[in-house]
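None of the values given here were measured: they were computed from a predicted structure. Start at 1 and go down the list; that is how both ligands and their atoms are numbered.
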Amino acid sequence: MSAFRNNAIILHMSENEKKCRHVAIIMDGNGRWAKAQGKPRTAGHLVGADNVRTIAIAASELGIEYLTLYAFSTENWKRSQDEVNYIMKLPSYFFGKYMKEFIDRGYRMRMLGELDRLPAETKRVLDDAVEQSKTNTGLNLSIAINYGSQREIVLAAERYAKDVQDGKIGLDITNEQFASYLMTSDMPDVDLLIRTSGELRISNYLLWQIAYAELEFVPEAWPDFTPDVLKRCVEQFGKRDRRYGGIKYE
Ligand code: IPE
Ligand code: IPE
Ligand code: MG
């Protein structure tokens with residue numbers, strides 16, 4: 001009886017694990033894409049920003065519930081002032097052009113990262129997008145901006161330590177309790193992580209949340225990442241055997 005029960009649980013879990021609820025993408029290769037066309041790097045960032053809309057729509061149509069896009073890392077401040085300034089103005093271009101459509105489509109915007117360190121106008125636009133869409137129940141479209149996963153984990157540890165100090169929580173917590181201090185607190189872990197432009201690294205993205213994610217590295221630069229490429233990645237995901245350290249029962 002108990003063996004039967006265990007098998008039933010395993011079969012039930014594997015059905016759920018097949019579902020690609022949360023896709024995270026490292027949108028890389030804008031600069032090289034532009035350079036290959038004899039254009040400045042910023043031209044790649046502009047086309048890349050428009051592609052966010054295309055891929056968000058495609059993700060929503062594929063039944064993905066959470067799409068989490070890496071737009072600017074805590075390390076990207078090392079770039080030229082001109083490039084950083086350009087990227088910091090993109091949210092206002094992007095949401096000015098697409099926010100109404102996103103609201104109509106029912107998307108809920110979320111932000112990951114330390115927004116307080118962004119230029120005031122950039123932060124205002126991002127806060128506004130979150131506020132305007134907070135009751136929406138469609139695609140959760142998260143933008144990671146001034147985001148770094150190591151920083152996120154340190155900030156979580158600081159907040160947890162403070163709660164311990166204040167007597168709000170004990171010293172022995174579960175992984176789930178710790179995860180509730182992360183910037184992704186009310187989101188499921190990542191099922192599929194995609195990086196564009198052929199680079200094979202994680203670059204400080206969602207280190208905790210990708211613990212058991214399936215990984216796809218595609219050669220296309222972000223501006224060339226089409227709905228078809230996304231679909232192929234999700235199809236690949238469907239063929240994977242997610243074991244979570246367990247054993248597959250046939
Ligand atoms: C990704 O494209 C966008 C950001 C990191 C802001 P890149 O700007 O990194 O483009 P490459 O990798 O230099 O081609
Ligand atoms: C990662 O890309 C960050 C974003 C896509 C926003 P980078 O281009 O900054 O990563 P590295 O420097 O190649 O690792
Ligand atoms: Mg890059």
Side-chain angles (χ1 to χ4, degrees), residues 22-56 59 66-95 97-98 109-119 121-123 125-126 129 141-155 182-184 187 190 192-210 213 215-226 229-230 233:
H22 187 172
V23 174
I25 307 183
I26 303 174
M27 307 185 289
D28 198 14
N30 291 349
R32 279 164 286 164
W33 180 88
K35 192 169 175 236
Q37 312 206 358
K39 293 179 182 160
R41 294 178 56 83
T42 48
H45 295 316
L46 183 62
V47 178
D50 283 323
N51 202 33
V52 166
R53 169 188 173 263
T54 306
I55 295 304
Y66 294 83
L67 179 66
T68 304
L69 303 174
Y70 206 3
F72 191 86
S73 76
T74 47
E75 288 72 35
N76 286 146
W77 297 105
K78 292 175 192 159
R79 297 185 178 196
S80 76
Q81 195 64 51
D82 282 355
E83 183 170 348
V84 170
N85 287 347
Y86 188 88
I87 293 169
M88 289 303 149
K89 291 202 175 95
L90 280 176
S92 139
Y93 159 79
F94 179 77
F95 288 113
K97 194 167 169 188
Y98 301 122
M109 301 302 309
R110 298 163 178 262
M111 301 298 151
L112 307 178
E114 286 182 278
L115 301 195
D116 289 347
R117 304 205 172 169
L118 299 175
E121 176 58 14
T122 311
K123 181 180 178 330
V125 168
L126 297 174
L141 178 55
S142 303
I143 308 289
I145 181 162
N146 191 27
Y147 174 86
S149 191
Q150 292 182 335
R151 190 73 205 137
E152 175 189 32
I153 292 168
V154 169
L155 290 174
L182 298 171
M183 292 168 179
T184 49
M187 292 161 62
V190 175
L192 170 63
L193 173 72
I194 302 168
R195 183 171 188 144
T196 62
S197 88
E199 302 297 341
L200 305 180
R201 34 175 194 277
I202 302 298
S203 301
N204 202 12
Y205 197 39
L206 301 172
L207 299 178
W208 173 287
Q209 299 86 342
I210 62 168
L215 310 179
E216 281 287 332
F217 296 93
V218 300
E220 290 84 357
W222 173 249
D224 287 333
F225 185 86
T226 59
V229 184
L230 174 66
C233 291

When you measure from [atom] to every protein heavy atom, which one gives the shortest distance, and what is it?
atom                    : result
atom 10 (O) of ligand 2 : Arg195 NH2, 3.2 Å
atom 1 (C) of ligand 1  : Met27 O, 2.9 Å
atom 6 (C) of ligand 1  : Ala71 O, 3.3 Å
atom 9 (O) of ligand 2  : Asn76 ND2, 2.9 Å

Legend entry - Under 4.0 Å to a heavy atom of Ile87 - the qualifying atoms of ligand 1, by number: 6 (C)

Report yes or no: do [X] and [Y] form a side-chain donor-acceptor pair below 3.5 Å?
X      : Y     : result
Tyr147 : Asn76 : no
Ser80  : Arg41 : no
Lys97  : Tyr93 : yes
Asp28  : Tyr70 : no

Legend entry - Numbering as shown, the atoms of ligand 2 that approach Phe72 to under 4.0 Å (heavy-atom distance): 6 (C)

Inset, instruction - Heavy-atom contacts with Arg201 under 4.0 Å: which atoms of ligand 2 show up? List them by number with element. - result: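 Numbered from 1, ligand 2 contributes 11 (P), 13 (O), 14 (O).
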
Legend entry - Within-shell test, Gly29 vs ligand 1, heavy atom, strictly < 4.0 Å: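 Flag set, Gly29 near ligand 1.
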
Inset, instruction - Would you give the length of the straight line joining atom CG of Asn204 to atom CD of Gln150, rounded to the nearest 0.5 angstrom? - result: 4.5 Å

Legend entry - ligand 2 versus Ala144: contacting region, heavy-atom distance under 4.0 Å: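 Ala144 to ligand 2: no contact under 4.0 Å from either part.
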
Inset, instruction - Could you pull out, from Arg79, Glu83, His45, Lys35, the option with a heavy atom nearest to atom 5 (C) of ligand 1? - result: Arg79

Inset, instruction - Would you indicate which of Glu75, Arg32, Arg41 comes nearest to atom 14 (O) of ligand 1 when only heavy atoms are counted? - result: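 That would be Arg32.
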
Inset, instruction - Have a look at Tyr205 and tell me which of Thr68, Ile210, Ile25 forms a side-chain contact (heavy atoms from CB on, under 4.5 Å) with it. - result: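 When Thr68, Ile210, Ile25 are each tested with Tyr205, the side-chain contact (heavy atoms from CB on, under 4.5 Å) holds only for Thr68.
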
Legend entry - Geometric N/O contact Ser73 with ligand 2, under 3.5 angstrom: no

